[in-house]
Enquirer: 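Sharing a structure, written as structure tokens. Questions coming.
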Amino acid sequence: MTSRERADVVVVGGAIIGSSVATFLASRPDFDGRIVVVERDPTYRTSSTTLSAASIRLQFSTPLNIEISRFGVELVTHPDRYLAVDGEVPEIDFVENGYLFLATEAGLATLEHNHAVQRKLDVPVTLLTPAELRARFDWLRTDDLAGGSLGLAGEGWFDAHALLQGFRRRARALGVEERAGEVIALERDGDRIAAVGLADGTTIQAGWVVNAAGPRAADVAALAGVDLPVRPRKRFVYHVEAPVSLGAAPLTVDPSGIYLRPEGPAYIAGFSPLGGQPDPDAIDLVVDRAPFDELVWPALAHRIPAFDRLRLLDAWAGLYEVNTLDHNAIIGPHPTLRNLLFANGFSGHGLQQAPAVGRGLAEWIATGAYETLDLAPLGYERVGRSEPIRELNIV
Ligand SMILES: Cc1cc2nc3c(=O)[nH]c(=O)nc-3n(C[C@H](O)[C@H](O)[C@H](O)COP(=O)(O)OP(=O)(O)OC[C@H]3O[C@@H](n4cnc5c(N)ncnc54)[C@H](O)[C@@H]3O)c2cc1C
């Protein structure tokens, strides 16, 4: 069976990015078009959104990334302002314990550089000497550290699933249609996408198409003959029980690249390969426990001596959608296919960027311009010109 229908906006992928775009657009008084969100896994069990570490920080090195996350903080702190439905507000459970970036002598100059950028933008962050670190966090080994950068407010973690459901609920309440299905074709008509084809034979003529397909974004772009430098890369999260409590510890990023944060009474830890280490494309979610024994546990036991007696409770894999050009998001229209909008390549920080990106693309669709934050520097054009934006704080 085949059928043909029409929508003003078709969003490919309904997880945090797709549902944020749909929600912000449907919330606008100047937009009353039909929005259809197509999702191949309506359980969202395989989406990066629900498999993420769900943390948010202001400690970036580029001013735009700081401002993008600042709006994320605004939304997770005040969901009542953006996600209420009939007076009900989702419980996002924001735990505002901060991020702590640690540096050895080799990393100190970067830490200080980032600090200067952040302070210029009034980010509440403080640089700590090893002695100050030790005084604040008595569980931390500091003899090989040169300093640390601690976020004092507006950083922490939250319930990603609750945020996703909050966006979806609000979107549905505003008339957004959710469609279970897989987008398998994008029909081109000259310099625009004319229609979206679904695996079940449905064709939806589209005014706008938003690529919110996460780690599969390059496959979706390829349906329109567009090359997108976004690759699926596996990241493991290890859920561990420790013999001691670190209290209200921040999300701590060790110079080895390994991060750790409290998760209820236990902890989660993970890492991204450092530059030069292998990081192959992968679309499966099979967990490898070897990196825990070989890398994660030794690094944690070194930094937090009491953690030499950890117990691995559980582990899962999720997919980063890595922008191989510069590990930053690609947002906005394709330079020639103007009704194809990207919201891709978040490289590990897409959950916190979803509110600002959704708001920005809604502005673009409704008015043809960004009204609040100018997201144009993150546009696709830099890909064509091979002009990376350097973000120094990638986790
Ligand atoms: C282990 C891990 C830890 C992370 N930690 C953090 C963190 O602490 N903070 C942070 O901000 N970010 C973090 N991230 C990154 C963050 O999770 C992602 O950047 C974000 O969730 C991306 O959202 P998305 O909606 O673009 O992608 P996804 O959540 O992957 O959603 C894409 C959706 O598109 C659907 N889809 C794909 N192709 C099609 C198609 N052809 N047709 C229909 N539907 C399709 C998929 O089924 C999927 O549901 C982490 C990621 C991982 C893996």
Side-chain angles (χ1 to χ4, degrees), residues 10-22 36-57 60 65 68-69 72-73 76 99 155-158 160-161 163-164 167-168 178-186 196-200 202 204 209-223 230 232-239 251 253 259 261 263 268-272 282-283 285 287 315-323 327-331 342-358 394-395:
V10 177
V11 180
V12 186
I16 203 71
I17 296 291
S19 65
S20 174
V21 173
V36 177
V37 177
V38 184
E39 171 54 52
R40 67 192 286 282
D41 172 17
T43 68
Y44 293 99
R45 275 196 287 265
T46 57
S47 72
S48 303
T49 297
T50 55
L51 296 168
S52 95
S55 305
I56 184 163
R57 61 184 159 112
F60 285 92
N65 279 338
I68 287 174
S69 276
V73 176
V76 298
Y99 267 63
E155 295 190 326
W157 48 92
F158 53 89
H161 193 259
L163 182 62
L164 172 62
F167 269 121
R168 291 182 58 213
E178 294 185 327
R179 185 76 58 88
E182 180 164 8
V183 171
I184 56 162
L186 294 178
V196 174
L198 273 53
D200 67 2
T202 306
I204 311 176
V209 177
V210 179
N211 183 349
R216 289 186 158 82
D219 297 344
V220 170
L223 297 175
V230 174
R233 303 273 166 88
K234 224 195 275 195
R235 298 290 180 265
F236 304 113
V237 180
Y238 301 102
H239 188 203
L251 188 153
V253 185
Y259 71 83
R261 73 158 173 82
E263 171 71 15
I268 58 171
F271 67 100
S272 287
I283 201 74
L285 295 173
V287 179
W316 71 86
L319 301 173
Y320 268 24
E321 67 293 31
V322 171
N323 172 359
H327 294 258
N328 275 307
I330 300 172
I331 300 168
F342 300 106
N344 306 118
F346 296 96
S347 310
H349 41 270
L351 198 66
Q352 61 197 284
Q353 297 202 327
V357 170
I394 299 293
V395 180

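The residues of the chain are indexed from 1 along the displayed sequence. None of the values given here were measured: they were computed from a predicted structure. As the structure lists them, so they are numbered: ligands from 1, and atoms in each ligand from 1.
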Enquirer: What residue and heavy atom of the protein are closest to atom 31 (O) of ligand 1, and at what distance?
Expert: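 In this structure, atom 31 (O) of ligand 1 has A15 CB, 3.1 Å as its nearest protein heavy atom.
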
Enquirer: For A213, is there any backbone N or O sitting under 3.5 Å from a side-chain donor or acceptor partner on N211?
Expert: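 Checking the backbone N and O of A213 against the side chain of N211, a donor-acceptor pair under 3.5 Å is found.
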
Enquirer: Could you list the atoms of ligand 1 found under 4.0 angstrom from a heavy atom of R216?
Expert: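 Near R216, meaning under 4.0 Å from one of its heavy atoms, ligand 1 has 37 (C), 38 (N).
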
Enquirer: In terms of atom number and element, which parts of ligand 1 are under 4.0 angstrom from non-hydrogen atoms of F346?
Expert: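 The list of qualifying atoms is 19 (O).
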
Enquirer: Please lay out, stage by stage, how F167 and I16 fare under the test side-chain contact (heavy atoms from CB on, under 4.5 Å).
Expert: CA-CA 8 Å; F167 269 121; I16 203 71; 3.8 Å; yes

Enquirer: Within the distance-only criterion (no hydrogens, no angle test), does the side chain of S347 pair as donor or acceptor with the backbone N or O of G345 below 3.5 angstrom?
Expert: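 Here the side-chain-to-backbone pair exists.
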
Enquirer: Students should be able to answer this: which protein heavy-atom is nearest to atom 21 (O) of ligand 1, and at what distance?
Expert: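 In this structure, atom 21 (O) of ligand 1 has T49 OG1, 3.0 Å as its nearest protein heavy atom.
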
Enquirer: Which bit of L319 is near ligand 1, meaning a heavy atom under 4.0 Å away: side chain, backbone, both or neither?
Expert: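 Backbone only; the side chain of L319 stays clear of ligand 1.
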
Enquirer: Salt bridge or not between R179 and E39? Use side-chain N to carboxylate O under 4.0 Å.
Expert: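 No, R179 and E39 are not salt-bridged.
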
Enquirer: Assess whether a salt bridge exists between E155 and R57, defined as any Lys/Arg side-chain N lying under 4.0 Å from an Asp/Glu carboxylate O.
Expert: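 Looking at E155 and R57, the cut-off is not met.
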
Enquirer: What is the nearest protein non-hydrogen atom to atom 50 (C) of ligand 1, stated with its residue, atom name and distance?
Expert: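 Heavy-atom neighbour on the protein nearest atom 50 (C) of ligand 1: S52 CB, 3.3 Å.
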
Enquirer: Can you see whether R235 engages S272 through a side-chain donor-acceptor pair at a distance of less than 3.5 angstrom?
Expert: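 Yes, a side-chain donor-acceptor pair sits under 3.5 Å.
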
Enquirer: Which option wins on minimum heavy-atom distance to atom 3 (C) of ligand 1: G358, A53, G350?
Expert: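 When every heavy atom of G358, A53, G350 is considered, A53 comes closest to atom 3 (C) of ligand 1.
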
Enquirer: Is there a donor-acceptor contact under 3.5 Å from the side chain of S20 to the main chain of A354?
Expert: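 Flag set: sc S20 to bb A354 pair under 3.5 Å.
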
Enquirer: Among V36, V37, V209, find the one that has a side-chain contact (heavy atoms from CB on, under 4.5 Å) with V12.
Expert: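 Of the listed residues V36, V37, V209, the side-chain contact (heavy atoms from CB on, under 4.5 Å) partner of V12 is V209.
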
Enquirer: Against heavy atoms of I16, which atoms of ligand 1 measure under 4.0 Å?
Expert: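 It comes down to these atoms of ligand 1: 21 (O), 23 (O), 25 (O).
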
Enquirer: Would S55 and R261 count as having a side-chain donor-acceptor pair, cut-off 3.5 Å?
Expert: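 Yes, because at least one side-chain N or O of S55 sits under 3.5 Å from a partner of the opposite role on R261.
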
Enquirer: Identify the closest protein heavy atom to atom 6 (C) of ligand 1: which residue and atom is it, and at what distance?
Expert: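 I find the closest protein heavy atom is G348 O, 3.5 Å.
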
Enquirer: Counting from 1, what ligand 1 atoms have a heavy atom of L51 closer than 4.0 Å?
Expert: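 Result: 1 (C), 2 (C).
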
Enquirer: Which part of I17 is near ligand 1, with near meaning a heavy atom under 4.0 Å away: side chain, backbone, both or neither?
Expert: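 Within the 4.0 Å criterion, I17 contacts ligand 1 through backbone and side-chain atoms alike.
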
Enquirer: Counting only N and O atoms by type, is there a donor-acceptor contact under 3.5 Å from the side chain of W157 to the main-chain atoms of A53?
Expert: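 Not a single qualifying donor-acceptor pair exists.
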
Enquirer: Please state which protein non-hydrogen atom is closest to atom 32 (C) of ligand 1 and give its distance, to 0.1 Å?
Expert: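 Checked against all protein heavy atoms, atom 32 (C) of ligand 1 sits closest to A212 O, 3.4 Å.
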
Enquirer: Measure A160 to ligand 1 on non-hydrogen atoms and call it side chain, backbone, both or neither using the 4.0 Å cut-off.
Expert: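 A160 to ligand 1: no contact under 4.0 Å from either part.
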
Enquirer: Counting both backbone and side chain atoms, is some N or O of L351 under 3.5 Å from an N or O of ligand 1?
Expert: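 So ligand 1 has an N or O lying under 3.5 Å from an N or O of L351.
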
Enquirer: Could you list the atoms of ligand 1 found under 4.0 angstrom from a heavy atom of V237?
Expert: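 In order of numbering, the contacting atoms are 1 (C).
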
Enquirer: Provide, to 0.1 Å, the distance between atom 18 (C) of ligand 1 and the closest protein heavy atom, together with that atom's residue and name.
Expert: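 Residue, atom and distance for the closest contact: E321 OE2, 3.4 Å.
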
Enquirer: Quick one: which ligand 1 atoms are inside 4.0 Å of a heavy atom on P215?
Expert: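 In order of number, 30 (O).
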
Enquirer: Within the distance-only criterion (no hydrogens, no angle test), does the side chain of D219 pair as donor or acceptor with the backbone N or O of L223 below 3.5 angstrom?
Expert: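 Absent.
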
Enquirer: Quick one: which ligand 1 atoms are inside 4.0 Å of a heavy atom on V38?
Expert: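 With V38 as reference, the close atoms of ligand 1 come out as 43 (C), 44 (N).
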
Enquirer: When you measure from atom 42 (N) of ligand 1 to each heavy atom in V183, I268, V11, which option holds the nearest one?
Expert: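 The option holding the nearest heavy atom is V183.
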
Enquirer: With heavy atoms of Q352 as the reference, note each atom of ligand 1 found under 4.0 Å away.
Expert: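 Listed by number with element, the hits are 9 (N), 10 (C), 11 (O).
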
Enquirer: Going by heavy-atom distance to atom 45 (C) of ligand 1, choose the closest among R261, R235, R40.
Expert: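 The residue whose heavy atom sits nearest atom 45 (C) of ligand 1 is R40.
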
Enquirer: Under the criterion side-chain contact (heavy atoms from CB on, under 4.5 Å), I'd like the reasoning laid out for H349 against I394: C-alpha separation, chi angles, the key distance, then a yes or no.
Expert: CA-CA 8 Å; H349 41 270; I394 299 293; 3.8 Å; yes

Enquirer: Closest non-hydrogen protein atom to atom 35 (C) of ligand 1, residue and atom name please, with distance?
Expert: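 Residue, atom and distance for the closest contact: E39 OE1, 3.3 Å.
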
Enquirer: Starting from atom 30 (O) of ligand 1, which protein heavy atom do you reach first, and at what distance in Å?
Expert: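 The answer is S48 N, 3.0 Å.
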
Enquirer: Let me see the working for T49 and Y44 under side-chain contact (heavy atoms from CB on, under 4.5 Å), right down to the final yes or no.
Expert: CA-CA 8 Å; T49 297; Y44 293 99; over 6 Å; no

Enquirer: Say whether N344 and N323, considering side chains only, have a donor N or O and an acceptor N or O under 3.5 Å apart.
Expert: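 Looking only at side-chain atoms, N323 and N344 do not form any donor-acceptor pair under 3.5 Å.
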
